[in-house]
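Residue numbers begin at 1 in each chain, while the letters A, B, ... track the order of the sequences.
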Amino acid sequence: GAVVSQHPSRVICKSGTSVKIECRSLDFQATTMFWYRQFPKQSLMLMATSNEGSKATYEQGVEKDKFLINHASLTLSTLTVTSAHPEDSSFYICSAPFLAGGQDTQYFGPGTRLTVL
Amino acid sequence: RKEVEQDPGPFNVPEGATVAFNCTYSNSASQSFFWYRQDCRKEPKLLMSVYSSGNEDGRFTAQLNRASQYISLLIRDSKLSDSATYLCVVGSSGGYNKLIFGAGTRLAVHP
């Protein structure tokens, strides 16, 4: 089956630093990838859609200058949290689209747990 | 009103029990429907797609009622390993644009 990897799995950083998270599709190409954020006991919230060769599409309320997305190749998308603050601490998950049971769906990476001190 | 609503639970059931989860969605134009499973501090994993005709995968049965905008998941003969959060997920339009997630229903299966 499809495999999506993420790196790093866990990050602890000081307030004000930038953190880069990588998302890779390992056995298929993905011209589109998605970035989600999940706070404890809440649902996944889509932050942005990453598009290979063009700008990312951000959801309402997500600051594009704070959450920089680069879709460098057909298998790699990166999310950079710039000038991270404690309120950015969350579980960040990427996904890539895949066809399952005749329906377009998404497979998820293992997630990156970010803690900003 | 949330786009996808689920009872948060938790559902505490003994092994072998049958348990049913319900979900409603607000966008009548939604095209695709899924149940995902999420274990604590892990990523969501696709459990099954959901169709109007209903579909079954072993102990799991999913049903979609488009008229009522209602999705269900039935788990028979619950196992300890079924303990997780079950996410009702709706695709907002044709293709793979935007999955909308419910907040999830927690299931705890005890011996």
Hey, quick one: are [X] and [Y] part of the same hydrophobic cluster, counting side-chain heavy atoms closer than 4.5 Å, chains of contacts allowed?
{"X": "B:V89", "Y": "B:L47", "value": "no"}
{"X": "B:I100", "Y": "B:L73", "value": "yes"}
{"X": "A:F34", "Y": "A:F28", "value": "yes"}

Practice problem: For the residue pair A:Q6 and B:E43, confirm or rule out a side-chain donor-acceptor distance under 3.5 Å. | Solution: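 Per modelled atom types, A:Q6 and B:E43 side chains form no pair under 3.5 Å.
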Can you tell me if [X] has over 12 outside heavy atoms packed within less than 6.0 Å of its [atom1]?
{"X": "A:H7", "atom1": "NE2", "value": "no"}
{"X": "B:R106", "atom1": "CZ", "value": "no"}
{"X": "B:E3", "atom1": "CD", "value": "no"}
{"X": "A:K66", "atom1": "NZ", "value": "yes"}

Quiz item: How close do B:L99 and A:Y36 get, heavy atom to heavy atom, and via which atoms?
Solution: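 Scanning both residues, the minimum pair turns out to be CB-OH, 3.9 Å.
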Self-check item: For B:A103 against A:S43, the heavy-atom pair lying closest together
Solution: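 Closest pair (atom of B:A103, atom of A:S43, distance): CA-CB, 3.5 Å.
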Quiz item: So do A:L44 and B:Q38 actually touch side chain to side chain, heavy atoms under 4.5 Å?
Solution: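 Heavy-atom side-chain distance check passes, below 4.5 Å.
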Quiz prompt | Separation of B:F34 CZ from A:Q106 CD (nearest 0.5 Å) | solution =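 CZ of B:F34 is found 8.5 Å from CD of A:Q106.
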Exercise. Tell me, for B:Q6 versus chain A, whether the close heavy atoms (under 4.5 Å) come from the side chain, the backbone, both or neither.
Key: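 For B:Q6, neither part sits under 4.5 Å from chain A.
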Exercise. Could you tell me which portion of B:R41 (side chain, backbone, both or neither) has an atom closer than 4.5 angstrom to a non-hydrogen atom of chain A?
Key: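 Interface part for B:R41: both.
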Self-check item: Ring centroid separation A:F108 to B:F101 under 6.0 Å
Solution: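 Yes, they do, as the ring centres are separated by less than 6.0 Å.
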Practice problem: Go through A:Q42, A:E59, A:K41 and name the one with the most non-hydrogen pairs under 4.5 angstrom from chain B. | Solution: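 Among A:Q42, A:E59, A:K41, the one with the most close pairs to chain B is A:E59.
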